[in-house]
K.L.:
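Sharing a structure with you now.
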Amino acid sequence: SQQGEEDPQALSIQEGENATMNCSYKTSINNLQWYRQNSGRGLVHLILIRSNEREKHSGRLRVTLDTSKKSSSLLITASRAADTASYFCATVGGTSYGKLTFGQGTILTVHP
Amino acid sequence: DGGITQSPKYLFRKEGQNVTLSCEQNLNHDAMYWYRQDPGQGLRLIYYSQIVNDFQKGDIAEGYSVSREKKESFPLTVTSAQKNPTAFYLCASSIEGTGGRYEQYFGPGTRLTVT
């Protein structure tokens, strides 16, 4: 079964707006990672947040992690048309030896 | 250029034939992974290898086989026993697999169509 579940499944916004995607998971984790996938391409790693961290920033990306609620959010500020892609959260459990468990993803469309 | 390559980009096969997908990395990573992605779905782990000459089954290993004879290479064979082989296959690598402390780097993928 999938560990991470993203919400919403699809998000459509205008350029310049912020985009927020949420991820929930079921079991304890070592870390949580966010990836981006352009249509028909491989995944690109965006950011990794460890279980003892609460917030992390990278450029226009902000990720939060709430281990008590078993949830994470990815915020993309001042979105651009080039941000259009699918975004996946992936979790690594405590004893999973590097195995990532992916959610089904959020499809983000940013209209110019 | 450092990176991870997969070939071919598109692959077509007849039902009942085995097919091998190539994955090569020059990142000097110890760990390598194979995932399968179906339309509108996330990735599911097929096999992974933490070190040369060692590999473990992932969540959906049935009908697939792998080898890891060299650090740089982790080929995946889709056998005729795989009931639903048509999918997008992604290979990935990471510095090490232990504890999942590092991000994974993905190849561009191979789209396999079996008719």
K.L.:
Can you name the residues of residues 15-22 of chain B that have some heavy atom under 4.5 Å away from a heavy atom in chain A?
P.N.:
none
K.L.:
Ignoring hydrogens and geometry beyond distance, is a side-chain donor-acceptor pair present between B:E24 and B:S73 at under 3.5 Å?
P.N.:
yes
K.L.:
Between B:Y102 and A:Q33, does any side-chain donor sit less than 3.5 Å from a side-chain acceptor?
P.N.:
no
K.L.:
When you compare the side chains of A:T67 and A:S51, does any donor N or O come within less than 3.5 Å of an acceptor on the partner?
P.N.:
no
K.L.:
Any heavy-atom pair between the side chains of B:Q6 and B:L90 that's under 4.5 Å?
P.N.:
yes
K.L.:
Please determine whether ring-ring contact (aromatic ring centres under 6.0 Å, His included) holds for the pair B:Y105 and A:H45, giving the CA-CA distance in whole Å, both sets of side-chain angles, and the decisive distance to 0.1 Å.
P.N.:
CA-CA 7 Å; B:Y105 293 77; A:H45 178 261; 7.6 Å; no
K.L.:
Kindly state each residue pair satisfying salt bridge (Lys or Arg N to Asp or Glu O under 4.0 Å) with at least one member in residues 57-77 of chain A, sequence neighbours excluded.
P.N.:
A:E55-A:R62, A:R60-A:D83
K.L.:
So do the side chains of A:I76 and A:N18 get within less than 4.5 Å of each other, counting heavy atoms only?
P.N.:
no
K.L.:
Can you pull out every salt bridge (Lys or Arg N to Asp or Glu O under 4.0 Å) where at least one residue sits in residues 67-89 of chain B? Sequence neighbours excluded, please.
P.N.:
B:D30-B:K71
K.L.:
Under 3.5 Å, is there a donor-acceptor pair linking the side chains of B:W34 and B:S49?
P.N.:
no
K.L.:
Using only non-hydrogen atoms and a strict under-4.5 angstrom cutoff, which residues of residues 106-115 of chain B touch chain A?
P.N.:
B:F106, B:G107, B:P108, B:R111
K.L.:
Go through the atoms of B:Q56 and report whether side chain, backbone, both or neither lie under 4.5 Å from a heavy atom of chain A.
P.N.:
neither
K.L.:
Counting only heavy atoms closer than 4.5 Å, note whether A:Q37 contacts chain B via side chain, backbone, both or neither.
P.N.:
side chain
K.L.:
Distance alone, cut at 3.5 Å: any donor-acceptor contact between the side chains of B:Y89 and B:Y64?
P.N.:
yes
